[in-house]
Amino acid sequence: MNEQGRPARVGGGALVTRGVDEAGVPDYHAPMIENPPPPIVGTAHPRLDGYEKTSGRAKYVDDLTFPGMIYGRTVRSTVARGRIRSIQTSAAAADSGFTVVDYRDIPAVNVISLIEDDQPCLVEREIRHMAEPVLLLAHADREKLYGAEVVTDVEESPAILNYEVSDVELKRLTISRGDVDAALAAADVIVEGEYRTGHQEQLYIEPNGVIAVPENGGVTIYGSLQCPFYVMRALRVLLGLPDDKLRVVQAATGGGFGGKEEYPSMLASHAALLALKSGRPVKMIYDRGEDMLATTKRHPFRVRHRTGVSRDGTIVALDVDILVDGGAYTTLTPVVLSRGALHCGGPYRCDNVRVQGRAMMTNTPPNGAFRGFGAPQTLFAIEAHMERIADALGMDSVALREHNALRPGDTTITGGTIGPDGSALEVLREAVTRSDYHAKRAQWRGTNRGIGLALFFHGAGFTGDGERKLASRAAIETTATGVRILAGTVEIGQGSHTTHAQIVAETLGLPFDRIAVEHPDTDNVPNSGPTVASRTCMVVGRILQRCSTDLLERLSGMDPADHFKQHGPTRVEQEYEAPLGLHFDEVNYVGDAYGTYAWACDIAEVEIDRDTFEVRPVHFTAVQEIGRAINPVMVRGQIEGGTAQGLGYALLEDVIMRDGGMANNSMTNYIVPTTLDTPTMDVVIMERPYRHGPMGAKGLGELPIDGPAPAVINAIRHLGIELNELPATPERIMEAVCSSE
């Protein structure tokens, strides 16, 4: 820390100091053996999965095969709403090699079990969205399988395709603090704004795919997925089988971004039904068109702000109305709405808050998990709104943010307390200084260049008591060469297995190459909770750190391999322990919604073509405070990747819905950023350790996608173009320019 108590820049600004906890001591566990090796945490250790993936040796689900395997296909509805009169499968009837499954073949309950049991595995009569599964087919010959004609006679009904006119609620919530009406009445200025975001497709490199293998009186699933134990639960309910008859194994997975959180439960259920009826292994791999048409997307939001401020810029009242498109079934919509609402006030103080949120049903494919989980939508709204407030006051928007930014000890919109690692001011000041923001803003005014800023935060881990309810577990055990990590956390490209191994290696004082990681297999690893919600390093890594500390005490100074030779394997398993003093009322939304937050400030520099109305980002500054960088290279990769994904959300990724389905469901007309669309990036990693994270680490995975869109929209505003809807396509920019003339 420097003399002013702010993180000091080191290494050319790429990494900023560690900081200390409340007692002034770094929150690291020192190894308990003599002469430990050099630190492993904080170094750019090569990825454990790097060689397998770069050499082509990694086995993705479509690389796997089993004796007697056949192929599965889902027959889907072609209307958004209606009732099935009949289904005819003449080709299947004429060929005994076909296996046909409908809802009557489901052994237990026809439902994909999640938050609400409202989504059927297969339609019985009522169709609620385009591409809804109605029938399953399997055959050994793929050409015959996909050539089989299926005729579905449907009585079509009028569909609800606009969530703003829907009257069917999936979730409602209210956050209330202080007296908003009185504060608005006393405010010097009231600023209103409406902000909209559309769908976004996860577009992971590898489409959804599973193989179901009937064995041991049950079924084993091999799949591209994020949450093996979610799939276990869904199969348990659908098939009525006990856990000892079910097994889920993660294959190498080519990305997820939330799109493989809940949806693989649907695909695994389909493959399992076909496998159990046919008695043969069944492979189901979506092609890109089916994956984009049928699977979940980011939820569209409409957010309305009515904000009271005083002349000096103090925010005195926040009145926010949030409307969400949930799609045809609940899936994870209540949690997405909740997280969006909890972040809707941004990283700012306000004592008088009213947030009303509603998620509505439409006859479109259900929306679900996507990196950021509702926060990108509401943070876009508040950060675009802050520029409007600054304009109304004639105030510099950086000064407005500095004046209102949350500091340690301040309270959030739910009354939760910001801990000593709160870093809003630090990331803001670093980004503004580093980018030369004020000079560029003055120099570029009236030109084809613009610069915009977004200050944001992201709650790490599950909301409220979510982590307590999960009761996640992880373990380590001694081996002949060192120790092995046992956790249900999956590797989907984010580097979780490597960071977990670094945490365990440093805590034990062992070389990194003596740490092995067990592959995620529900028969062999404890349930560590889902690989989502920026929790993998912070929550599961902390459990593994505690396991390591416990193991050291049991070893009594012996090397783990020597102890194994004398005593056999020694296993230590721990369950998540919630930090003391955190309380959250999940009914009334009062208290500490998160144990800690990661903080960031993004600054986008853009250039516009005044003839084509195309906006191109030319440089990007990302300052992100994430507690402790366990592996700085992978942290940087997460920030760069999330930023690029956020730039796609801001400028390019426009899901076109037609008749209730995605019309541009291909990579030729759904455009995502490539390296040619990605600007140069200046990434600064700040560290202010969180005392309850492993070696001080917080969550990181979702934070980088929260800020790019508002930073870009605010840069476009600097160009003199007011646009409050994503994505900012040339067509929308042209419309905004023309309507203002």
Asker: With a 3.5 Å distance limit and no angle check, can you tell me whether Asn714 reaches the backbone of Ala711 through a side-chain donor-acceptor pair?
Answerer: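 Here the side-chain-to-backbone pair does not exist.
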Asker: Please list all pairs meeting salt bridge (Lys or Arg N to Asp or Glu O under 4.0 Å) that have one or both residues in residues 487-504, counting only residues at least two apart or in different chains.
Answerer: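 For residues 487-504, and leaving out neighbouring residues, the salt bridge (Lys or Arg N to Asp or Glu O under 4.0 Å) pairs sorted by first residue read Arg47-Glu491.
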Asker: Check Arg429 with Glu402, please: is the shortest side-chain N to carboxylate O separation under 4.0 Å?
Answerer: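 A salt bridge links Glu402 with Arg429.
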Asker: Less than 4.5 Å apart, any side-chain heavy atom of Trp444 and any of Glu605?
Answerer: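 Heavy-atom side-chain distance check passes, below 4.5 Å.
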Asker: Check whether any side-chain heavy atom of Gln502 lies under 4.5 Å from a side-chain heavy atom of Thr43, and answer yes or no.
Answerer: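 Yes, at least one pair of side-chain atoms sits under 4.5 Å.
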Asker: Side chains of Thr489 and His500: is there a donor and an acceptor less than 3.5 Å apart?
Answerer: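 No.
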Asker: Just grab all the salt bridge (Lys or Arg N to Asp or Glu O under 4.0 Å) pairs involving residues 370-381, residues at least two apart or on different chains.
Answerer: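 Found none.
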Asker: Any heavy-atom pair between the side chains of Leu651 and Pro727 that's under 4.5 Å?
Answerer: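 The answer is no; the side chains never approach within 4.5 Å.
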Asker: Any chance you could measure Thr621, atom OG1, to Met681, atom CE, to the nearest 0.5 Å?
Answerer: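 Thr621 atom OG1 to Met681 atom CE measures 10.5 Å (nearest 0.5 Å).
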Asker: Does the side chain of Ser496 reach to within under 4.5 Å of the side chain of Ile492, using non-hydrogen atoms?
Answerer: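 They are not in side-chain contact.
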Asker: side-chain hydrogen bond (donor to acceptor under 3.5 Å, both in side chains) with Arg177: which of Thr414, Asn352, Thr411?
Answerer: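 Answer after filtering Thr414, Asn352, Thr411: Thr411.
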Asker: Does the distance from a Lys or Arg side-chain N to an Asp or Glu carboxylate O, for Arg535 and Glu702, drop under 4.0 Å?
Answerer: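 A salt bridge is absent here (no side-chain N lies under 4.0 Å from a carboxylate O).
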Asker: Centroid separation under 6.0 Å, is that true for the rings of His458 and Phe373?
Answerer: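 When the ring centroids of Phe373 and His458 are compared, they turn out to be at least 6.0 Å apart.
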Asker: Charged N to carboxylate O below 4.0 Å: is that the case for Lys53 and Asp49?
Answerer: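 Looking at Lys53 and Asp49, the cut-off is met.
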Asker: For Thr643 and Ile639, indicate whether the former's side chain and the latter's backbone hold a donor-acceptor pair under 3.5 Å.
Answerer: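 Confirmed, Thr643 side chain pairs with Ile639 backbone.
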Asker: Would you call Val618 and Arg449 a side-chain contact if the rule is heavy atoms closer than 4.5 Å?
Answerer: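 Yes, side chains in contact.
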Asker: Look at the side chain of Gln202 and the backbone N and O of Lys260, then say whether any donor-acceptor pair between them is shorter than 3.5 Å.
Answerer: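 Between the backbone of Lys260 and the side chain of Gln202 there is no qualifying donor-acceptor contact (under 3.5 Å).
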Asker: Can you tell me if Glu506 uses its side chain to pair, donor with acceptor, with the backbone of Ile40 under 3.5 Å?
Answerer: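 The answer is yes, because a donor-acceptor pair under 3.5 Å joins these two groups.
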Asker: In terms of relative ring orientation, are His385 and His305 parallel, tilted or perpendicular, with 30° and 60° separating the classes?
Answerer: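 It falls in the parallel class, under 30°.
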Asker: If you measure from the Lys or Arg side-chain nitrogens to the Asp or Glu carboxylate oxygens, is any gap between Arg407 and Asp410 under 4.0 Å?
Answerer: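 So Arg407 does not pair with Asp410 through a salt bridge.
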Asker: Is Phe620 close to Leu647 at the side-chain level, that is, under 4.5 Å between some pair of heavy atoms?
Answerer: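 Yes, close enough: below the 4.5 Å cut-off.
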Asker: Are a donor atom and an acceptor atom from the side chains of Asp421 and Thr596 found within less than 3.5 Å of each other?
Answerer: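 Side-chain D/A pair, Asp421 to Thr596: present.
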